[in-house]
Amino acid sequence: MTRDNSPITRQKFMEELRRYEKGSITRRHFLGATGLGTAMAVMGGAVPSLLPGRAQAQDLGNRVVLATWPNYHDAANFDRFAEETGVFAQVNVFGSNEEMLAKLQAGGSGWDVFVPTNYAISTYVEADLIEPLDLSRLPNYDAAAFEQRFADAGTIDGTTYAVPKNWGTTGIAFNSSKTGGVVDSWKTFFDGARDQFDGRVMVHDYQLTTIGNALVYFGHSFNSVDPAELADAENLLIDVKPHLFAISSDYQPSMRNGDAWLTMCWTGDGKQMNSDMPEIGFALGREGGEIWSDYYAVPKGAPHREAAYALINYLLDPEVNAREALAHGYPVADSRTNALLPEELLNDPILYPAAESLTPLEFGAAVTLTDPNRAELMARFKSA
Amino acid sequence: MRSSSEEGAAQDTGSEHVAEFIDVSKRFGDILAADRLNLGIRRGEFLSFLGPSGCGKTTALRMLAGFEPPSEGTVRIDATDMSAVPSHRRPVNMVFQHYALFPHMTVAQNVGYGLRQRRPRLPKSEIGAQVDKALATVRLSDFGTRRVWELSGGQQQRVALARAIINEPTILLLDEPMAALDAKLRAEMQRELLDLQRSLGITFVLVTHDQEEALSMSDRICIMGRGRIVQVGTPQDLYDRPCNRYVADFVGKANILSGEVVAREAGQARVVLGCGAEVLVPEGNPDGRRHVDVVIRPECLSLSATHQDEDAAIRARVTHRTFLGDHTEYLLQAEGTGLLQVNLPRQAERTSGGHGVGDDVHILWAAGTGLVLAADD
Amino acid sequence: MAITQARARALLLTPAGLWYAALLLFPLAVVLIFSFGERNPIGGYAPGFTLEQYANLPARFAAFRNTLTLAPLGTVAALLIAYPLAYYLAIKVSVRWKTTLLILVIVPFWTSILIRSYAWIYLLGGNGIPALLEAFGLGELRLINTPFAVLVGIVYGYLPLMVFPIYVALEKLDKSLLEAASDLGAPPWRSFLQITLPMSMPGVMTGSMLVFILLTGEFLIPAILGGGKVFFVGNALVDLFLQSRNWAFGSAVAVALIVIMLIVVALYTRAVRRFGVRRDDVGLM
């Protein structure tokens, strides 16, 4: 407990603040919800536009707007892209798929490229918000190089709407110096929250994962919308709630300063925390949980469509993609890119877990995202 | 001018003096706003502090009210040292310069405010009755439910007065209460104040920079200058026997001439003025100076086309003539004396026939009139 | 002449009128229409006419309860802290220090409330104030992610909004009124209650309304310092519009919030009128 009592150092605070500024600790919620992401994007867009544009053979324009997740790119790649094409990328970061969907549904987003997760794509197609991709304009995309399960959500009824970016999992991050060892089951996660980890556990402020993992605790499907199964999950969550440290997708600060010991965690966050603080580990739930894959896609009515294709194609270049992966720490499904990544990264159990531990994981389903009952369940849980 | 202020106020008996300043000084930072004040205020009198702005008169009043603690010395009210008595426990009430009426209360609530502070509490009915009485006193009986900002300046003034007298203070303090009123209303209020003072029989202390107001209303006037008491006396005293040039200049119209004493005899000095004329002038405090200032009021001089031997005469030319009904004001230019003012009563003008602008005349100075002034500080 | 005046008035009011129409009335009308509609199966709004959304309002009872408890509590807490500070700044402090101190009150506004709230995560977190209290042997204490932490954040974030209107009201208070009260026999605390307080009521009212209204719509501070466990109507709205995308229900919640706010403001205004000061009264000074 002595470590707990040492007040935060100035250096550590500044590190956290810088992380915040980069957007990394606000993975799913805050930047988008507060509009700060937009502010950053405006700055990002305004500054390069002061530079002289470069004459190009194709008429790409000088601007492309990317809607993506926080801390999900290597900024240097955008600089190189601008150098090569004269097109400056303006990056908007968002908190959740729902939020992206809400923005596109409202219309006038001005985006050229966005990054939906597997389970969201069919909803975009249904709502006619997503452009079918002309793969001939993406020469760097080689379908054969991609592991099928991380790519197939992009193609619906034979039409390809999205190409894979990165994949990952939703597991458990634990501070082993507090938990006394690895926590690798949702049973321990939720039971411990009410027992030995009382007041130290965080769940996402995100119905898909929080309800999904509660369902998995009972052996139900992560994607269940069955009322009886959802009732089990609700009972568990409401029972656990008073013992939780927080309901927040912004778990890195609390994990890092030792307030929280255990949290639901996305791969990249787990990797980032583990790199900085080896005592924070990341494990997948033995019972199951989520595996996901993000994609690049072009929204209907993208104002700079040519530049959008150029940017996606550029980011799919294996060398560029490898630099991306080194920067953000999320696994890649492209074998050409993986061939370029260092051995220790490919052997990293957080990024590329053993195949058998991935087996029980499920991809989120479209209905999991849009089911109104799950949304209401989450609201009842949060306001209980 | 310590000599002319009321020295040894402390020796006076408590019954005669309702309040006393004993060696009271007040500093605001580097500024000495009140400099060793010694003054006894007599029970039941109407006393005015008179002086230009910044002379310390308001500071003196505020020390009496308890808003400013003296830096040195003692303020006594009813023979009690007030050093440790905060303003809300002093038996004095004030009418503020801008009235300081409580804007969020009705007229009646304003007037009754002091009574509502009494502990033990007074019964509501008694407060109501006294408020009605006070409002009647200032002739505002029908105004009790009005908001104070609905009233005219004169009405607000009377509310302030009613509010201050309802507590039956030992001393009523008035801080330039008429300054914001127009001339006609001011004269009316002055009369009302005097009537009020007579009917209530309480001591009034007025601060004013208006010498006419002070002269017309006060039993005694305390002239202040640069934080000090310069002279205290009845209006007549101050007019007839100003102790120095400052007082002579401040109270009433005065011709002040400088001259040289050539002889002294039986309380009078023979003074040769700048213009060469020689006058015989009473001297209050003979101090043997050769160079002196002599004051003579405009109504003590007269004019003549010809010179008569028995009086000293100054040759002068009329530059302005102002007819003012009961008297006529002449401004004259005399060599070596500057502008002089002479007021001739209507009667005198009729007999002498008057003088026109540009006329060369003799200003006549009867022997034994005027006053040799003591030196200023 | 009359025509010119009418035209002048039209010219003066048109920009503000258009502004309000475009940014207040139009969105309000949209929200009102949406609130009678339905949720699109994939999220968003589907046209319709139903009272279902309003019938469903009790589902957000807890959010309303939390908001309507913590917003008034936060307003009162801010008032209790702001009043003495404003009093000190307006009446007690020397002119020389006044400007400096006023600037110090504003300085936090130069930084985003988001960043400032993050600072509180550390201050209230296990390594912050609780660690300090523990070092003094005051036992283990959980501050972060509690309603108390939200209250601290609220008071901290909105204090200047409360301080300034009160400061302005006290600043223009004629000091001779206090002297008059004292002269008439009121001891200092009584002249404070009878003169200073009622005369500063318009400032108190402005500040309280400002803070209360903003607090009612607050979502950031409860999300950051409440750890998602202190759920305001603002959070419910964020979730409904951005997460579950139930725009129809979200609109109904928003309409209910606006109605409740209007009622509270009306009641508060009446109460203050009764005990305080008419604006005309203060205008006199």
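Letters A, B, ... mirror the listed sequences (proteins, then strands); counts begin at 1.
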Ignoring hydrogens, what is the shortest heavy-atom contact between [X] and [Y]? Give both atom names and the distance.
X       : Y       : result
S383(A) : F231(C) : CB-CD2, 3.2 Å
A102(A) : W247(C) : O-CZ2, 4.0 Å
N145(C) : A246(A) : ND2-CB, 3.1 Å

### Message
Please rank Q207(A), E126(A), E376(A), M100(A) by heavy-atom pairs under 4.5 Å with chain C and give me the top one.
### Response
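The option with the most such pairs is E376(A).
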
### Task
Report the C-alpha separation of L101(A) and R245(C) in whole Å, then their side-chain angles, then the decisive distance to 0.1 Å, and conclude whether the side-chain contact (heavy atoms from CB on, under 4.5 Å) test is met.
CA-CA 9 Å; L101(A) 181 53; R245(C) 286 161 304 110; 2.9 Å; yes

### Query
So, do I144(C) and F245(A) sit near enough that their side-chain heavy atoms are less than 4.5 Å apart?
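Sidechains of F245(A) and I144(C): in contact.
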
### E98(A) vs L242(C), side-chain contact (heavy atoms from CB on, under 4.5 Å): CA-CA, chis, key distance, verdict
CA-CA 6 Å; E98(A) 287 88 333; L242(C) 295 181; 6.0 Å; no

Give, as side chain, backbone, both or neither, the part of [X] having an atom under 4.5 angstrom from any heavy atom of chain A.
X       : result
L240(C) : side chain
Y45(C)  : neither
P130(C) : neither

Within 6.0 angstrom of [X] [atom1], more than 12 heavy atoms from elsewhere:
X       : atom1 : answer
F148(C) : CZ    : no
F26(C)  : CZ    : no
D157(A) : CG    : no

### Task
To the nearest 0.5 Å, tell me how far S244(C) OG sits from L377(A) CG.
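Between atom OG of S244(C) and atom CG of L377(A) there are 12.0 Å.
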
### Message
What's the separation between atom CG in D205(A) and atom CG in N235(C), rounded to the nearest 0.5 Å?
### Response
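Going from the CG atom of D205(A) to the CG atom of N235(C) covers 8.5 Å.
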
Test your reading of the model: is there a side-chain donor-acceptor pair from [X] to the backbone of [Y], 3.5 Å cut-off?
X       : Y       : value
E99(A)  : Q243(C) : no
K229(C) : L244(A) : yes
N127(C) : N257(A) : yes

### Query
Is it the backbone or the side chain of A366(A) that comes under 4.5 Å from a heavy atom of chain C, or both, or neither?
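The answer is neither part of A366(A).
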
